[in-house]
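All values below were derived from every heavy atom in this structure, side-chain atoms included, with hydrogens, water molecules and symmetry-related copies excluded. Keep in mind that what you see is a predicted model, and the values were worked out from it rather than measured.
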Amino acid sequence: PEEKQIYVARFSKLYDLVTTLAAVIKELSQVGHPQYQDVTLPLPCDINTSKAAEIISKQKKELMRWKTAFQRYLSSSPSLSFFTRSQLVECLSAMEREKP
């Protein structure tokens, strides 16, 4: 019984972490990060909680970096505010695809 409790607790923690990761990835997509449009982030079946937490930390840093950069883009080019978020995402995604 104690072994089952440990297994269930570990699964529950990992489930919470993966759910958090999905929310961060979703937010990166919604705020217009061009590399996170229609992205799939595969996770290995044997992922552990520390590795999941590390991935979440990395993605949260990318989210903050992108939000800061996006605000800087809007400040330096006020005309961008005439576009909707989805138009900007499409433009940035197209620019990302055209990179050499």
Peer 1: Please examine the side chains of Tyr73 and Leu88, heavy atoms only from C-beta on, and report whether any two atoms are closer than 4.5 Å.
Peer 2: no
Peer 1: Do Ser75 side-chain atoms and Gln71 backbone N/O form a donor-acceptor pair below 3.5 Å?
Peer 2: yes
Peer 1: Please say yes or no: joined through hydrophobic side-chain contacts below 4.5 Å, possibly via intermediate residues, are Tyr7 and Val18 part of one cluster?
Peer 2: no
Peer 1: Start with the C-alpha distance between Val31 and Trp66, add both sets of side-chain angles, then the distance that settles side chain to side chain contact (heavy atoms under 4.5 Å, CB included), and finish with yes or no.
Peer 2: CA-CA 8 Å; Val31 297; Trp66 173 252; 3.5 Å; yes
Peer 1: CD1/Ile56 to OG1/Thr19 distance, rounded to the nearest 0.5 angstrom?
Peer 2: 9.0 Å
Peer 1: Could you check whether any side-chain heavy atom of Thr68 comes within less than 4.5 Å of a side-chain heavy atom of Arg72, counting everything from C-beta outward?
Peer 2: yes
Peer 1: Once you round to the nearest 0.5 Å, how far does NZ of Lys60 lie from CG of Leu28?
Peer 2: 11.5 Å
Peer 1: Hydrophobic clustering (ILVMFWY, side-chain heavy atoms < 4.5 Å, transitive) - are Ile25 and Met64 grouped together?
Peer 2: no
Peer 1: I need the single residue from Gln30, Glu62, Lys26, Gln59 that forms a side chain to side chain donor-acceptor pair (under 3.5 Å) with Tyr36. Which is it?
Peer 2: Gln59
Peer 1: Could you give the distance from CG (Leu21) to NZ (Lys58), rounded to the nearest 0.5 Å?
Peer 2: 11.0 Å
Peer 1: Using a 4.5 Å cut-off on heavy atoms from C-beta on, say whether the side chain of Leu43 contacts that of Ile55.
Peer 2: yes
Peer 1: For Asn48 and Lys51, work out which heavy atoms get closest and say how close.
Peer 2: OD1-N, 2.7 Å
Peer 1: Return the minimal non-hydrogen interatomic distance between Leu14 and Ala52, and the atom names on each side.
Peer 2: CD1-CB, 4.0 Å
Peer 1: Can you get from Ile47 to Val24 by hopping between Ile, Leu, Val, Met, Phe, Trp and Tyr side chains that sit under 4.5 Å apart?
Peer 2: yes
Peer 1: Tell me whether Ser12 contacts the main-chain N or O of Val8 through its side chain, where contact means a donor paired with an acceptor under 3.5 Å.
Peer 2: no
Peer 1: Identify the two heavy atoms, one from Leu17 and one from Thr49, that lie closest to each other, and give their separation to 0.1 Å.
Peer 2: CD1-O, 3.5 Å
Peer 1: Rounded to the nearest 0.5 Å, what separation is found between the NE2 atom of His33 and the CD atom of Glu27?
Peer 2: 12.0 Å
